[in-house]
Structures are given as structure tokens and as C-alpha cells.
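Beneath this line is the structure, given in C-alpha cells, with notes to follow.
Note that these values count all heavy atoms, side chains included, but never hydrogens, waters or copies made by symmetry. Numbering of residues begins at 1 and proceeds along the displayed sequence. In listed order, ligands and their atoms are each counted from 1.
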Amino acid sequence: MPRFAQLVMGPAGSGKSTYCSTMVQHCESHNRSVQVVNLDPAAEHFDYPVMADIRELIEVDDVMEDSFLRFGPNGGLVYCMEYFANNFDWLESCLGHTEDDYILFDCPGQIELYTHLPVMKYLVEQLQQWEFRVCGVFLVDSQFMVESFKFISGAMAALSAMISLEIPQCNIMTKMDLLSKQAKKEIEKFLDPDMYSMIDDSNSRLRSKKFKKLTKAICGLIDDYSMVRFLPFDRSDEESMNMVLQHIDFAIQYGEDLEFKEPMEKEENTSPNFDEFFQDRADEPSS
Ligand SMILES: Nc1nc2c(ncn2[C@@H]2O[C@H](COP(=O)(O)OP(=O)(O)OP(=O)(O)O)[C@@H](O)[C@H]2O)c(=O)[nH]1
Ligand SMILES: [Mg+2]
């Protein structure tokens, strides 16, 4: 039986921890059990129940206070993540092995973890060895995406993560509830973007001719291969959360192997011919 995981990534403050807690509540209301693992050694606040917390293994404050290491906050975090990568057995003991596992990993916001450091890749490989099907969920704050040049940077960041992790990835624009009606309308063009038209956007700050050419080449590449799409995530809208979850489930084929479970209270009334009934149905030729 496979297990399922979402690796919730994205820049600092993009809404990763909030996404995790909102998703847990959403899934609970649909009778789905989802657990969260905090992988941010610098986390101070989150409001979901944790299945495992990396701070039990290592905390960034302890690393920074170490007079021998003398790291600042970013170096300290990278050190913590490397320490974590050398101690995956800690994670294994926390995860145990339950059937139908569905786990969200709330990752730190340091973007270098998803661009050139190998730690997240090691984590993905380890999870795959433990039979997890992993989907990358890359969050970008919609507030920073309403202009072409910002959008291009966001798309490039999402693309770096896709390239370095080599797993299915859903890119998500968060905090849609904060946008005005007008801004929501404007942002639609960024969800399924026509990258070529971005270049000609009159609001664009891409003034330099030389860099415009480079940007045009990059946009052309992203557009021609349909590499980056974004899904809107509005935590005040059930429909939006459903859509995001469906995309991710589809990417990791969640649900395909789930066994049919009979509701508990009906078990007593189960007819002795229950299995035969389903067997007969299965034998019937499909029309
Ligand atoms: N209105 C609104 N606010 C949000 C949403 N998502 C996050 N926020 C707010 O944005 C801030 C940052 O959210 P977090 O969930 O902590 O972001 P994060 O990506 O986990 O941040 P780091 O772990 O520090 O990288 C908090 O004040 C949240 O309340 C959202 O969908 N809507
Ligand atoms: Mg967080």
C-alpha cells in the first residue's frame, strides 16, 4: 500500500504553515485523515497538531548560540537541515507505518533549499524509499504576483524547485482572500499565463533592451513547454481548496488504491451474501 506526502515549499511568509493547518481542517471536515510534520527548525508558531516536529531533533537557536559554529539565522538553518538529512532515522521512527498515510511536510522558507542545496532532494529520495508518493506543493504569495516581472521571478522559483526535486509539483497562489475583486480579475491572467504577453505588459519594469531579450527567451521557454501553471488558493472558499486538493491527489494518484471500507454501524446488518453480491456485480459485463 503506497503512502502519500505533500512537500509544502515556498518563500518565507508565503503561507506554508497556514496552508497546512487549513488543509488539515478541510480534510477533517471531509472525513479524511491528514497529518502534518513540521520541518522548520526555526518555526515559532503554527496552529496544526503535529505528528512530528524537527525542533525535537535540532533547533536553529541552539545552533546559533553555539560558540564554535557561530552561524547566523540562515547559515544556522542550513546546518540544521543538513543535520536532519544525516538523521533520517529520527523521521522514520516518528512516522511509523500506518496504512493510507497522508502527510503534509511543512518546510522552511529559505529558497536556497529548493534551488541548489541537496537536502530536500535527499528527503524526497528517502520518502520514496519508504514507499511515499510525493507531490511538491510550491506556494507563492498572490500579493507579489500581480505584476509581470514579479510573476516571472515567482515562476522561475517554482521551476527551480521542479527541476531540482524531480517530482510532480503543484504551484499555488496563496492569500487570494486578501485580493480585491478587481485584483482577482487581474490575477486570472497569471494563473494560466501567456508568457509572451507578459513581456509586452505596459506596467512592466523591464526597461533595459538587453535584459528584455533574455527575459523574452526565458518566457518563451516556459510558455512553449507549458512548464508553470498556478492554482488559486483561497482559504475562505471551500471550492478553491477542493480544487487544489484534487489536483494534488491526481498527481500522486491518491484514492486509486484505497480499499472500500464498510461504515462501522452497518457491519452488524451485513447480509451473509454481501460478498457474493459484489462478486456478482463484478462478474457482470460492463455496458
Ligand atoms: N489572509 C490570509 N493570510 C494568510 C494566508 N496564508 C498565510 N497568511 C498570513 O501570512 C503570514 C505568514 O503565514 P505563514 O503560514 O506563517 O507563512 P510561512 O510560509 O509558513 O512562513 P515561514 O514559515 O516563516 O516561511 C501569517 O500572518 C498568516 O496569517 C491566507 O491564505 N490568507
Ligand atoms: Mg511556516
Quiz item: How about Phe144 and Phe151: are their ring centres within less than 6.0 Å of each other?
Solution: no
Quiz item: Would you say Lys16 has any N or O atom under 3.5 Å from an N or O of ligand 1, going by distance alone?
Solution: yes
Quiz item: So, does Ser14 sit close enough to ligand 1 that a heavy atom of it is under 4.0 Å from the ligand?
Solution: yes
Exercise. Flag yes if more than 12 heavy atoms outside Phe46 fall under 6.0 Å of its CZ atom; otherwise flag no.
Key: yes
Quiz prompt | N/O/S atom of Thr18 inside 2.8 Å of the Mg ion (ligand 2), strictly under | solution = no
Quiz prompt | Parallel, tilted or perpendicular: rings of Tyr254 and Tyr102 (30°, 60°) | solution = perpendicular
Quiz item: Could Asp141 and Lys150 be called an ion pair, given the rule that one side-chain N must be under 4.0 Å from one carboxylate O?
Solution: no
Self-check item: Minimum non-hydrogen distance to atom 11 (C) of ligand 1, winning option of Arg235, Glu44, Lys175
Solution: Lys175
Quiz item: Protein heavy-atom contact under 4.0 Å for atom 26 (C) of ligand 1?
Solution: no
Self-check item: Side-chain ion pair, Asp234 and Lys175, N-O less than 4.0 Å
Solution: no
Quiz item: Quick one: does atom 15 (O) of ligand 1 have a protein heavy atom under 4.0 Å from it?
Solution: yes
Exercise. Quick one: look at Leu178 and ligand 1, take heavy-atom pairs under 4.0 Å, and tell me if it's side chain, backbone, both or neither.
Key: side chain
